[in-house]
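First up is the structure itself, then whatever we jot down about it.
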Amino acid sequence: MKLSTNPSRSTWRKIADSRLINALAAPNGMGRYLEALNPMWSLDPNRIPAYITAIHRETSDSVTLELSPNGDWQGFRPGQFCQLYIEINGRLHSRSYSLNCRAGRLAITVKAQADGLVSKHINSKLNVGDIIRLSPPMGDFVLPVQLPDAMLMVAAGSGITPIMAMVEAALKKGYQGGITLLYYNHSEADTIFIKRLQELASANPHFSLLPVFSDGSSELSGHFNQHHLLKTLSFQNTLSAHTAAVSLPECFVCGPESLIQAVSEEYKQFGHAEKFHAERFKPVINVSGNTEVVGKLAFKSSQSEVSSDNRNLLEQAEAAGLQPQAGCRMGICHSCSCLKTEGSVRNMNSGEISHGEEYIRLCISQPLGNVSLAI
């Protein structure tokens, strides 16, 4: 038996997840017993189990997991991401990762971060046959339904993951425009998907790969600048046949904030800001005024209280020994939404200030004075 979202499976889920069945299955609920019988059965459509069917080493510090989710998975749009849920030492952790495909299967590529508990675990501890859980896909960093005549893709490091999905999807559709990928890494050995990208560029005249290595082994060097942008417009004539001298191609960027800002500024200078699209690894910190924090932070359910500081509420809660649920840590996934019962906080992305009782996202909220949270 499999539980999913088609009519028959939906009926099974309604029956199994009814109040009566869950009361009979107390205290754990029916979902726990189903998962004990078969880990691929689930009553939670927001945590979809998926087998790891293959693991590919991309670089010395990154891997791609090929996944086979159960019937609840309904696919994704290239460029989207999901929450990955994984248990480490008895504690459930979640992180956001972009989705791609490998050999026709759903895949997630993860680069180990120096301070990344989850990313390190994924890179070194998981095995084929293990089960992880996924949220449904989310995010609006996707290709438009009507593809533009030309596209410039810019990525750095693991920022390639949503870009790769976009490039492969466009070429699979028989895209006849021009795509150039400007891809920044330390060296070729550190470049995720390098062989796949080189093969795509060799096999498809509509796609060009322009790598930039900081070790000096590539044609271009240094950080993104106007010279790099202009180089892409003439590189192997991929884009030049589709853009005029004063017209820039539609641009999709994923990487660190410094790269995103540099590309954005160039597009603004050329008067094409509307053609710029970006996916960020971290939130944009855009606060104004005096951000010095003085006050107390109270956690009602935990019956504890600490002095506030300038960090976001998620970091302060974790520092106080609490374990609130969290995912992307940049204000996108809403996993860390929490009821604020009293006080005022500043949205660290927009600068907006909220007062009184309401739900907030802990990862992008900075307390202003005394604040009470339901956790």
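Excluded from the calculations below are hydrogen atoms, water molecules and symmetry mates; all remaining heavy atoms, backbone and side chain alike, are included.
Taken to the nearest 0.5 Å, the CG atom of Leu152 stands 10.5 Å off from the CD1 atom of Ile179. Distance CZ/Phe193 to CZ/Arg102: 7.5 Å, rounded to 0.5 Å. Here the OG atom belonging to Ser202 is positioned 10.5 Å from the CG atom belonging to Leu197, to the nearest 0.5 angstrom. Here the CG-OG1 distance, from Leu220 to Thr232, works out to 9.0 Å after rounding to the nearest 0.5 Å. Rounding to the nearest 0.5 Å places CG of Asn312 at 5.5 Å from CE of Met348. Between the CG atom in Leu209 and the CG atom in Leu200 there is a gap of 9.0 Å [rounded to 0.5 Å].
Aromatic rings from Tyr267 and His272 are positioned such that their centres are separated by 6.0 Å or more.
The closest donor-acceptor contact from the side chain of Tyr184 to the backbone of Ser214 lies at 3.5 Å or more, if one exists at all. Arg77 places no side-chain N or O within donor-acceptor distance of the main-chain N or O of Phe141, the cut-off being under 3.5 Å. Judged purely by atom type and a 3.5 angstrom limit, Lys275 uses its side chain to pair as donor or acceptor with the backbone of Leu248. Of the possible polar contacts, one joining the Asn123 side chain to the Ser62 backbone as a donor-acceptor pair under 3.5 Å is found. For Thr64 (side chain) and His56 (main-chain N/O), no donor-acceptor pair under 3.5 Å exists by modelled atom type. Judged purely by atom type and a 3.5 angstrom limit, Gln80 uses its side chain to pair as donor or acceptor with the backbone of Gly139. Between the side chain of His206 and the main chain of Gly177, a donor-acceptor pair closer than 3.5 Å is present. Checked by atom type and distance alone, the side chain of Tyr85 never pairs as donor or acceptor with a backbone atom of Arg95 at under 3.5 Å. Between the side chain of Asp190 and the backbone N or O of Thr59, no donor-acceptor pair lies under 3.5 Å. Looking only at distances, no side-chain donor or acceptor of Tyr51 sits under 3.5 Å from a matching main-chain atom of Glu66.
The only option from Leu181, Leu143, Thr180 that meets the side chain to side chain contact (heavy atoms under 4.5 Å, CB included) definition with Met151 turns out to be Leu143.
Residues that satisfy the ring-ring contact (aromatic ring centres under 6.0 Å, His included) test with His93, not counting sequence neighbours, are absent from this structure. Under the salt bridge (Lys or Arg N to Asp or Glu O under 4.0 Å) criterion, Lys300 pairs with no residue, sequence neighbours left out. Take Glu274 and apply the salt bridge (Lys or Arg N to Asp or Glu O under 4.0 Å) test, not counting sequence neighbours, and it matches no residue. Here Asn225 pairs with nothing under the side-chain hydrogen bond (donor to acceptor under 3.5 Å, both in side chains) rule; sequence neighbours left out.
For the pair Ser354/Lys340, a side-chain contact is recorded, criterion being any heavy-atom separation below 4.5 Å from C-beta on. Side chains of Thr109 and Val63 form no contact here, defined as non-hydrogen atoms less than 4.5 Å apart. A heavy-atom distance below 4.5 Å is not found between the side chains of Thr191 and Pro211. Here the side chains of His186 and Phe213 are not in contact, with every heavy-atom distance at 4.5 Å or above. Two residues are said to be in side-chain contact when any heavy atoms from C-beta on lie closer than 4.5 Å; His121 and Leu117 fail this criterion. The shortest distance between side-chain heavy atoms of Ile194 and Asn185 does not fall below 4.5 Å. Cys336 places none of its side-chain heavy atoms less than 4.5 Å from the side chain of Ile364. Two residues are said to be in side-chain contact when any heavy atoms from C-beta on lie closer than 4.5 Å; Arg361 and Asn347 meet this criterion.
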Q: For Gln269 and Gln226, run side-chain contact (heavy atoms from CB on, under 4.5 Å): C-alpha distance rounded to whole Å, both residues' side-chain angles, the deciding distance at 0.1 Å, then the answer.
A: CA-CA 10 Å; Gln269 287 189 31; Gln226 191 172 102; 4.1 Å; yes
Q | Residue pair Ser119, Lys111: steps toward the side-chain contact (heavy atoms from CB on, under 4.5 Å) verdict | A | CA-CA 6 Å; Ser119 63; Lys111 180 176 181 179; over 6 Å; no
(Q) What verdict does the side-chain contact (heavy atoms from CB on, under 4.5 Å) test give for Gln325 and Gln83, after you've listed the backbone C-alpha separation in whole Å, the side-chain angles of each residue and the deciding distance to 0.1 Å? (A) CA-CA 12 Å; Gln325 184 169 313; Gln83 288 293 109; over 6 Å; no
(Q) Does Ile122 form a side-chain contact (heavy atoms from CB on, under 4.5 Å) with Ile132? I'd like the steps, not just the answer. (A) CA-CA 10 Å; Ile122 291 172; Ile132 60 175; over 6 Å; no
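Two different hydrophobic clusters hold Val142 and Trp73 under the rule that ILVMFWY side chains link at heavy-atom gaps under 4.5 Å. In the hydrophobic cluster analysis, where Ile, Leu, Val, Met, Phe, Trp and Tyr join through side-chain heavy atoms closer than 4.5 angstrom, Phe270 is grouped together with Leu259. Side-chain heavy atoms closer than 4.5 Å link hydrophobic residues (I, L, V, M, F, W, Y) into clusters, and following such links, possibly through other members, connects Val212 to Leu230. In the hydrophobic clustering of this structure, Phe76 groups with Ile48; members are Ile, Leu, Val, Met, Phe, Trp, Tyr whose side-chain heavy atoms approach within less than 4.5 Å, directly or through other members. Grouping the Ile, Leu, Val, Met, Phe, Trp and Tyr side chains by contacts below 4.5 angstrom, directly or via other members, places Leu229 with Ile260.
Minimum heavy-atom separation, Pro144 to Phe252: CD-CZ, 3.8 Å. Considering every non-hydrogen atom in both Ser221 and His228, the closest pair reads O-NE2, 3.0 Å. Here the closest heavy-atom approach between residue Ala374 and residue Cys338 is recorded as N-SG, 4.1 Å. Between Gly75 and Pro137, the shortest heavy-atom distance links the atoms O-CG, 3.2 Å. For the pair Ser308 and Gly369, the tightest heavy-atom approach, listed with the atom from each and the gap, is OG-O, 4.2 Å. Between Asp72 and Pro45, the closest heavy-atom pair is OD2-CA, 4.5 Å.
Surrounding CD of Gln303 are at most 12 heavy atoms belonging to other residues, nucleotides or ligands under 6.0 Å away. Within a 6.0 Å radius of CG in Asp140, other residues, nucleotides and ligands contribute 12 heavy atoms or fewer.
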Pairs under 3.5 angstrom only: tabulate donor-acceptor contacts from the side chains of residues 160-168 to other protein residues two or more places apart or in another chain.
unit_1	atom_1	unit_2	atom_2	d
Thr161	OG1	Ser158	O	3.1
Glu168	OE1	Arg196	NH2	3.0
Glu168	OE2	Arg196	NH2	3.0

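Residues Leu297, Phe299, Val306, Leu313, Leu314, Leu322, Val345, Ile360, Leu362, Val371, Ile375 make up the rest of the hydrophobic cluster containing Leu373, defined by ILVMFWY side-chain heavy atoms closer than 4.5 Å, directly or through other members.
With hydrogens and angles left out, the side-chain atoms of Ser307 and Lys296 include a donor and acceptor closer than 3.5 Å.
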